[in-house]
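Beneath this line is the structure, given in structure tokens, with notes to follow.
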Amino acid sequence: MNMRLHNTLTGRVEPFEPQAPPEVRMYVCGPTVYDRAHVGNFRTFVASDLLRRALRYKGYRVKEVMNLTDVEDRIIGFARDAGSDLRGFTERHIRAFEEDRAALRLERPEVVPRATEHVPEMVDLIQRLIERGHTYTADGSVYFRIGSFPEYGRLARLDVSGIKPGARVDSDRYDKEDVRDFVLWKAKHDEPEWAQWDAPFGRGRPGWHIECSAMSMKYLGETLDLHAGGVDLIFPHHENEIAQSACGTGRPFVRHWFHVQHLLIENETMSKSKGNTFTIPDIVARGHRPEAIRYLLCSGHYRKTMNFTWEGLHQAAAALERVHGLLTRLGEVTREGAPGTEVVEAGLRARRAFDDALADDLNTPEALAAVHGLVTETNGLLAAGAVTREGAGLLRAHVEAMDSVFGVLVAAGEDGLSTEEQALYDARQGARRKREFGRADEIRGRLEKLGVVLEDTPQGTRWRRKR
RNA sequence: GGCGGCGUAGCCAAGUGGUCAAGGCGGAGGUCUGCAAAACCUCUACUCUCCGGUUCAAAUCCGGACGCCGCCUCCA
């Protein structure tokens, strides 16, 4: 159950120790549902999915909460423009997110709360902050006074001392005592009715950060074991979450902060103006499989900027195909007998390397290398006829165990051949039996154009879909 | 300007003081095959952006240069 993870709070890789093992209470900042999430967003979600799966692999029981931010100024704006109410607008994007989540084989967190369904909890927390003297009101909005929290800036390593308390900063709509103070509750202006809630401190809507504090603590308790998100959230979002939560409860908010680096697309920053904020359906429309996307996102370390390229997607698909091919061939072994020591040892060796890699700050690239090491060894043993049926089962079990973390190594069930494809397949088999190889090759070429690859083996002809 | 990170083969990507610079993709040759495909075997970075330094020893530590990226108020 040993695991070392980098902790943004300390800036070091340190042993991960939950408060009440084997349970891990983990929170992940989820999507803001005003648009379809892009691959960059999904890098974070894939990384946090790898983390929760790795923790389970190591013997922990994970309770993960991932919020859906379904009220926020942009959402309100877009919904109003679309002539929709909040629920109608966000529902569409939530469904899209669920589709993408399933396509990338992300496990569904145990709790997926929506901000709009937790306004009372947020009001409650704000109320507590007011009572403890961490707030002030300006124009009806409630602000958090960062000067009331000495530890402010620790996570982001910001030096707050340069900001003069009391220096008023002009803002078109709100009047803050300090630039870095942030809003807990925004007083209503001209927002639609569906974007307003009642609170003891006035009608309005919650600020951005408060939802994560309120929802995480509701489902996971006042101190979380793990909190994950993209690096861009370190400041101000997570810094503010810490301030609100710690000041509201008087306890540490999070023990371990896990932050995922950003993604580059073809060596360029993602941005709307560059037109490279690809969504999962965008990438699929270009002929790539979601499994390849997931594999590619798994192939770099989460703390390092990753370069996402179309070429890389092809490479990922090819690497994945290699593992799938091994599994197919393991299933075809018929020889009886106990597994040889070579088989047993190859499996154990790979598992040890795999376990070590995961324990070392979730080093998935190295864990993947362990998987491929086993593939190469097994292929060799297979070619030498050294694998029995029992041995094949053992090796497959190792791959499956490792895939409990990666989630793409075992191929999803494929559809059978269509009637047309089946007819061609049968015709080729007939031609081959009659040794009419010219005709057989011609049919094989036609099937390949249809995306079906044939492989003749001593045991017969097998087919697979081209990647 | 302040803070943080990165620069490893054609491409993707581990390694952060001392067996060997992982692994994948691609490429070359060979084995197998009716031919292919798949698989196997061999080869594919004497070197880690560059320049200095520390050390018996550096891709790994220190200094500098160049290039790239992120954060410094609602963007994963």
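Chain identifiers are assigned alphabetically (A, B, ...) following the order of the sequence lines, protein sequences preceding nucleic acid strands; residue numbering begins at 1 within each chain.
Residue-to-nucleotide contacts include a donor-acceptor pair under 3.5 Å from the side chain of A:D441 to the base of B:G34. Donor-acceptor pairing under 3.5 Å, judged by distance alone, is absent between the side chain of A:E72 and the base of B:C74. For B:C35, the base has a donor-acceptor partner in the side chain of A:R444 [N/O atoms by modelled type, under 3.5 angstrom]. Judged by atom type and distance alone, A:N240 does not reach the base of B:C74 through any side-chain donor-acceptor pair under 3.5 Å.
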Stepwise salt bridge (Lys or Arg N to Asp or Glu O under 4.0 Å) test for A:K186 and A:E72: CA-CA 11 Å; A:K186 299 182 176 183; A:E72 184 253 1; over 6 Å; no

CA sep, side-chain torsions, deciding dist, call: A:E332, A:R462, salt bridge (Lys or Arg N to Asp or Glu O under 4.0 Å): CA-CA 11 Å; A:E332 291 168 350; A:R462 63 166 163 254; 2.5 Å; yes

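Between A:R322 and B:G24 there is a side-chain polar atom (N or O) within less than 4.0 angstrom of OP1 or OP2. Residue A:R74 places at least one side-chain N or O under 4.0 Å from the OP1 or OP2 atom of B:C75. For B:G7, the OP1/OP2 oxygens have a side-chain nitrogen or oxygen of A:K304 closer than 4.0 Å. Checking the phosphate oxygens (OP1, OP2) of B:A39, no side-chain nitrogen or oxygen of A:N379 falls inside 4.0 Å.
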What side-chain donor-acceptor pairs closer than 3.5 Å can you find for residues 209-216 of chain A, not counting sequence neighbours?
from: A:H209; atom 1: ND1; to: A:H237; atom 2: ND1; distance (Å): 2.9
from: A:H209; atom 1: NE2; to: A:N240; atom 2: ND2; distance (Å): 3.0
from: A:E211; atom 1: OE1; to: A:N67; atom 2: ND2; distance (Å): 3.2
from: A:E211; atom 1: OE1; to: A:T69; atom 2: OG1; distance (Å): 3.0
from: A:E211; atom 1: OE2; to: A:T69; atom 2: OG1; distance (Å): 3.3
from: A:S213; atom 1: OG; to: A:E241; atom 2: O; distance (Å): 3.4
from: A:S213; atom 1: OG; to: A:Q244; atom 2: OE1; distance (Å): 2.8
from: A:S213; atom 1: OG; to: A:S245; atom 2: OG; distance (Å): 2.8
from: A:S216; atom 1: OG; to: A:C212; atom 2: O; distance (Å): 2.6
from: A:S216; atom 1: OG; to: A:S213; atom 2: O; distance (Å): 3.2

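Base-pair partner of B:C32: not found among the strands shown (Watson-Crick or G-U wobble, both distances under 3.5 Å). Using the Watson-Crick or G-U wobble rule with both distances under 3.5 Å, B:C71 pairs with B:G2. Taking a pair to require two hydrogen-bonding distances under 3.5 Å in either a Watson-Crick or a G-U wobble arrangement, B:C61 pairs with B:G53.
Rounded to the nearest Å, the gap between the P atom of B:C25 and that of B:C72 is 40 Å. To the nearest whole angstrom, the two C1' atoms, one in B:C69 and one in B:A37, are 42 Å apart. Between the C1' atoms of B:U8 and B:G24, the separation comes to 15 Å (whole Å). Taking the P atoms as reference points, B:C11 lies 15 Å from B:G26, given to the whole Å. Taking the P atom of each, B:A9 and B:U49 are spaced 8 Å apart, rounded to whole Å.
Side-chain contact check for A:N379 and A:T376: no donor-acceptor pair (N or O, by modelled atom type) lies under 3.5 Å. Between the side chains of A:H262 and A:T305, not a single donor N or O lies within less than 3.5 Å of an accepting N or O. Using modelled atom types, one finds no donor on one side chain facing an acceptor on the other under 3.5 Å when comparing A:Y136 with A:R145. Counting only N and O atoms by type, the side chains of A:H259 and A:H238 include a donor and acceptor under 3.5 Å apart. One side chain, A:S271 or A:S273, offers a donor N or O that lies under 3.5 Å from an acceptor on the other.
With B:A76, B:A36, B:G24 as the choices, the nucleotide that has an atom nearest any side-chain atom of A:L263 turns out to be B:A76. Considering only the side chain of A:E455, B:A37 comes nearest among B:A37, B:C74, B:C25. In this structure, the nucleotide among B:G7, B:C74, B:A39 sitting nearest to the side chain of A:W208 is B:C74. Side-chain atoms of A:V453 lie closest to B:A37 of the nucleotides B:G34, B:A37, B:A38. In the set B:A37, B:A22, B:G34, B:A37 carries the atom at the smallest distance from any side-chain atom of A:R464. Here the side chain of A:A319 is nearest to one of B:A39, B:A13, B:G24, namely B:G24. Of the listed nucleotides (B:A76, B:C12, B:A14), B:A14 has the atom at the smallest distance from the side chain of A:H301. In the set B:G23, B:C25, B:U8, the nucleotide with an atom closest to the side chain of A:A369 is B:G23.
As judged by a 4.0 angstrom heavy-atom cut-off over every strand, A:G380 is placed among residues touching the sugar-phosphate backbone only. Across all strands shown, A:V260 has no heavy atoms under 4.0 Å from either base or sugar-phosphate atoms. Residue contacts for A:R432: at a heavy-atom cut-off of 4.0 Å it reaches a base atom on one of the strands shown. Using a 4.0 Å heavy-atom cutoff across all strands shown, A:G325 reaches no nucleic acid atom at all. The residue A:T376 sits close only to the backbone: its heavy atoms come under 4.0 Å of sugar-phosphate atoms, none of a base. Residue contacts shown for A:R428 include a base, since a base heavy atom lies under 4.0 Å away. At a threshold of 4.0 angstrom between heavy atoms, the contacts of A:L454 include nucleobase atoms, whether or not backbone atoms are also involved.
The CD atom of A:E377 sits 12 Å away from the P atom of B:G24 (whole-angstrom rounding). Atom NE2 in A:H372 sits about 8 Å away from atom C1' in B:G23, given to the nearest Å. Rounded to whole angstrom, the span from the CZ atom of A:R349 across to the P atom of B:A22 amounts to 17 Å. Taking atom CG on A:L327 and atom P on B:A38, their separation rounds to 18 Å, with Å as the unit. Between A:E311 atom CD and B:A13 atom P there is a gap of 12 Å when expressed in whole angstrom units. Note: CG (A:L368) to C1' (B:C25) measures 12 Å, nearest angstrom. Look at CD on A:Q315: it is 12 Å from C1' on B:G23, rounded to the nearest Å. If you measure from atom NE2 of A:H238 to atom P of B:A76, you get 11 Å, rounded to the nearest angstrom.
Exactly one of A:V387, A:L382, A:T388 qualifies for a side-chain contact (heavy atoms from CB on, under 4.5 Å) with A:V343. That residue is A:V387.
One N or O on the side chain of A:H38 and one on the backbone of A:N41 form a donor-acceptor pair closer than 3.5 Å.
Counting heavy atoms from C-beta outward, A:L358 and A:R4 have side chains that stay 4.5 Å or more apart.
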Contact letters for nucleotides 67-72 of chain B, in which S counts primed atoms plus P, OP1 and OP2 and B counts the base, heavy atoms under 4.0 Å: --SSSS

